[in-house]
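Within every chain, numbering begins at 1; the chains are lettered A, B, ... in the order of the sequence lines, protein sequences first and strands thereafter.
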Amino acid sequence: MTAGTQATVARLLEDLTGPQREAVQHTDGPLLILAGPGSGKTRVVTRRAAHLACTVATPEQVLAVAFTNKAAREMQQRIDHLGVGRGMTACTFHAFCARLLRLYQARAGLPPGFTIIDQDDRRKLLRKAVEGCELSLANFPPASVEPAISKAKNELLSAERFADRDLDWQDRTVARIYLCYEKLLRAMAALDFDDLLMRAAVLLRDDEQVRAELEDRFRYVLVDEYQDTNAAQYTVGRLLTRQRRNLCATGDPDQSIYGWRGANLENILTFERDYPEARVVRLEQNYRSTRRILAAADSLIAGNLRRKAKTLWTENVEGPAVRIVEVETGEDEADGLARGIAERIREGTGADRIAVFYRTNALSRAVEEALMREGIRYQVARGVEFYNRKEIRDILAYLRVLVNPADEIALLRVINTPPRGIGPTTVQRLVDLATAERRSLLELIGDGEAVRTLGRSAGRVTAFCEVLHGLRPALEMPAPQALQFVLSQSGLYALYVAEPSGEEAPRANLDELISAASVFQRDRPHASVLDWLEYAALVSDVDSVRTDAGMVTLMTLHAAKGLEFDAVFIIGVEEGLLPFRRNDEDGFDEEEERRLCFVGMTRARRWLTLSRARYRVIRGVTERTVRSPFLNELTTAGVEWTEQPARESSTRQPAAGGRLPADIAEWTIGTVVRHPRHGMGQVLALERVARHTHVRVRFEDGATRAWALEFAELQRVDFDELD
DNA sequence: AATATTCCCGTTTTT
DNA sequence: CGGGAATATT
């Protein structure tokens with residue numbers, strides 16, 4: 001070891017605690033790092049990667065796999081920052097598998113230029129598959145078949161093998177749909193997200209040579225967020241490290257929040273059984289949160305049974321109380337939140353150090369409005385929404401057709417976008433003809449003779465074909481130029497940008513897409529349009545969240561994993577919302593919901609507020625809510641409950657001797673009420689009489705009384721006030 | 001064929 | 001409430 005290397009190694013081990021240092025210095029053999037929130041895991045992982053790269057391996061031999069693009073990018077940046085380890089691979093599982101499959105495309109039995117389709121396209125295809133099986137879409141909604149097929153793929157069950165098993169009628173039907181769906185995928189040379197993992201896993205499993213090559217290339221493999229791996233990912237990790245067994249898994253069972261996507265908590269819980277010789281390092285000291293926040297989070301997660309017991313501790317200060325705020329309505333909640341944030345900012349916390357988390361994206365709206373009213377700048381992490389915009393999908397579809405002529409979904413999308421007079425009838429005739437002659441649509445469109453049979457529309461189809469042909473040069477261009485070129489030559493520019501009466505948004509979105517492509521191309525100068533498409537298929541909007549932009553960040557609890565903020569507000573902590581419950585749902589997992597809440601809470605460094613509204617507008621209807629059981633589980637002393645008064649509102653009249661509802665929606669049949677003289681009762685009916693609403697109540701004494709709503713001396717009694 | 005309208009659906013989280 | 005698909009209209 002040279003003196004320079006020695007100095008570097010010393011620097012990598014600087015300011016680490018005992019367990020951290022142990023993990024960083026571990027080189028050969030399996031390693032499990034059980035890392036609690038805020039325990040410096042990323043630091044350990046990146047230092048370890050760098051340490052490997054300057055002691056026992058070259059950077060090229062180290063592979064770090066993360067779960068999200070955001071995590072992968074952060075890892076890459078921090079490794080780069082350490083100055084050693086440039087040339088290391090850090091990417092998501094899906095990206096890694098996609099790259100693998102491109103590299104060994106022929107050996108994997110895949111067509112060149114295969115398309116990666118997203119959930120939307122997958123739904124469309126699934127729909128087609130259901131129809132192809134002559135089943136009713138009502139009985140087999142694609143959205144309900146999807147999880148079954150996804151699960152099968154996660155378990156490396158091909159359609160054939162799936163169909164081979166002993167199945168009940170329901171599953172046999174799913175098997176038929178699965179087979180048909182696979183046929184459609186093959187026909188359009190496409191893979192869905194699950195295929196990427198499955199095909200890569202199968203390739204590694206069945207192709208000795210490929211595996212040997214990869215094992216030789218990647219000698220040290222690091223899998224972050226191991227608790228979120230599904231069976232296919234688990235297999236990839238295992239197969240990649242079969243000879244050397246240099247698999248380092250890091251994670252925290254208490255932060256497993258992707259069970260709904262097939263993640264198997266068992267993978268991390270049984271790591272020690274899979275790798276009996278594994279070294280296990282526990283990182284339990286928290287450097288992030290105050291004692292009170294940590295204690296509250298710990299008291300919550302203690303309610304879970306399926307976990308590895310762990311003792312979180314910190315030397316940090318006790319800090320301000322964790323606040324639980326209960327308010328009347330979702331609007332009150334948002335208002336109070338905005339005021340709370342404004343106060344934080346006034347007291348000196350930077351806006352970019354503040355975040356609002358919620359269970360579902362739908363909750364962001366009220367918050368956005370309130371923040372706008374307060375004049376607070378914010379950014380919303382919107383998942384895949386950006387890539388679902390019509391204009392974005394349109395332009396990507398053009399590129400897809402160019403790259404993969406078999407991509408029929410993309411072709412059908414662009415054939416009449418912008419409108420060029422090729423209507424459903426013509427399209428149907430083309431599709432039928434293609435099916436009958438067993439030719440691809442694109443081929444057919446380029447066949448003058450076949451097109452001529454279309455009669456009047458023939459000219460338009462030919463014109464479209466020429467447009468496509470004219471777009472071909474885009475394939476040779478850098479991504480941003482290719483996008484520009486397609487935009488102008490396809491007619492999309494005229495449709496979305498030049499259109500004087502058009503909206504602003506499409507233009508801005510297209511601009512954003514092009515600048516994203518520029519950034520991509522700048523970082524990867526040799527990347528092709530195909531690479532860009534692959535990248536675009538595997539990213540989400542969450543990946544572009546900046547934490548240095550002077551803005552408050554709004555995001556889902558899922559997107560919050562791996563981040564930290566000085567002040568965190570979690571809203572909508574209500575039964576059914578957090579924990580989230582669907583009426584019929586079988587897959588409900590309360591422990592996972594609890595972990596989700598735990599993840600959110602442990603993002604906070606100093607201030608943590610959880611709030612809940614008694615009434616919330618859900619799908620346009622005001623509904624009563626019930627306090628989340630999770631709030632009741634925060635039993636530590638450092639938690640402070642607050643009742644926030646309803647905001648002043650012109651619609652809310654002061655009640656005579658009681659609290660009057662803001663509107664009738666607050667009073668539903670069955671609402672429990674208290675009357676100053678008659679005692680407790682329950683609302684029997686609400687009826688409109690002339691310009692008044694009458695409320696009819698049955699009291700404990702058995703009597704039924706009725707008043708006009710504005711004169712009733714009734715006070716609503718909330719569930720949680722009853723004991 | 002394109003646009004306007006209605007209606008009906010479902011309704012989480014992300015690669 | 002809001003998006004998408006089916007239906008009506010121009």
Checklist entry - Does OP1 or OP2 of B/dT13 have a side-chain N or O of A/Asn361 closer than 4.0 Å? => result yes
Next on the checklist: For B/dT15 and A/Thr68 - does any side-chain N or O of the residue sit under 4.0 Å from the phosphate oxygens OP1/OP2?
Outcome noted: no
Checklist entry - Taking atom P of B/dT15 as reference, at what distance in whole Å does atom CG of A/Leu101 sit? => result 19 Å
Item to check | Lys/Arg cation over aromatic A/Tyr181: A/Arg186, 6.0 Å, 45° cone | outcome: no
Item to check | Heavy-atom closest pair, residues A/Ile116 and A/Ala98 | outcome: CD1-CB, 4.2 Å
Checklist entry - Mapping A/Ala362 and A/Pro419 to their closest nucleotides on DNA chain B, which lands nearer the 5' end? => result A/Pro419
Item to check | Atom-to-atom span, CG of A/Leu596 to P of B/dT13 - whole angstrom | outcome: 11 Å
Checklist entry - Looking at B/dT13, does its base get a donor-acceptor pair with the side chain of A/Arg359 below 3.5 Å? => result yes
Checklist entry - Of the nucleotides B/dA1, B/dA2, B/dT15, which has the atom closest to the A/His94 side chain? => result B/dT15
Checklist entry - Between A/Arg594 (CZ) and B/dT12 (C1'), how many Å, whole number? => result 18 Å
Next on the checklist: Would you say CZ of A/Arg205 has more than 12 non-hydrogen atoms from neighbouring residues, nucleotides or ligands within 6.0 angstrom?
Outcome noted: yes
Checklist entry - From B/dA1, B/dT13, B/dT14, pick the nucleotide closest to the side chain of A/Thr360? => result B/dT13
Item to check | Protein-to-nucleotide contact annotation, 5' to 3' order, nucleotides 1-8 of chain C [B base; S sugar-phosphate only; - none; under 4.0 Å, heavy atom] | outcome: BS---S--
Next on the checklist: Nearest to the side chain of A/Thr426, heavy atoms from C-beta on, is which of B/dT12, B/dT14, B/dA1?
Outcome noted: B/dA1
Next on the checklist: Please confirm whether the shortest side-chain N or O distance from A/Thr556 to OP1 or OP2 of B/dT12 is below 4.0 Å.
Outcome noted: no
Checklist outcome for this item: salt bridge (Lys or Arg N to Asp or Glu O under 4.0 Å) filter on A/Asp121, not counting sequence neighbours, yields A/Lys124, A/Arg393, A/Arg400
Checklist entry - Nearest-Å distance, CG (A/Asp224) to P (B/dT15)? => result 14 Å
Checklist entry - If you take atom types as modelled and just measure distance, does the side chain of A/Trp260 reach the base of B/dT12 with a donor-acceptor pair under 3.5 Å? => result no
Checklist entry - In whole Å, what is the span from the CD atom of A/Glu592 to the C1' atom of B/dT13? => result 9 Å
Checklist entry - How do A/Gly423 and A/Ala559 order along DNA chain B: which one's closest nucleotide is nearer the 5' end? => result A/Gly423
Item to check | Pairing of A/Glu633 and A/Arg594 as salt bridge, 4.0 angstrom limit | outcome: yes
Checklist outcome for this item: Against the side chain of A/Phe580, the closest entry in B/dT15, B/dA1, B/dT12 is B/dT12
Item to check | Between C1' of B/dT13 and CZ of A/Phe193, the distance in whole Å | outcome: 14 Å
Checklist outcome for this item: Distance col, row A/Leu156:CG vs A/Arg199:CZ, nearest 0.5 angstrom, shows 12.0 Å
Checklist entry - For the pair made of CD1 in A/Ile570 and C1' in B/dT13, what is the distance, rounded to whole Å? => result 15 Å
Item to check | Whole angstrom value for the distance that separates P of B/dT14 from CZ of A/Arg123 | outcome: 14 Å
Next on the checklist: Does the Lys NZ or Arg CZ of A/Arg99 fall within the cation-pi geometry relative to A/Phe96 - under 6.0 Å from the ring centre and within 45° of the axis?
Outcome noted: no
Item to check | From A/Ser158 atom OG to A/Met198 atom CE, the distance as rounded to the nearest 0.5 Å | outcome: 5.5 Å
Next on the checklist: Once you apply a heavy-atom cut-off of 4.0 Å, does A/Tyr258 come out as touching a base, just sugar-phosphate, or nothing?
Outcome noted: sugar-phosphate
Next on the checklist: Quick check on B/dA2: is either OP1 or OP2 less than 4.0 Å from any side-chain nitrogen or oxygen of A/Asn416?
Outcome noted: yes
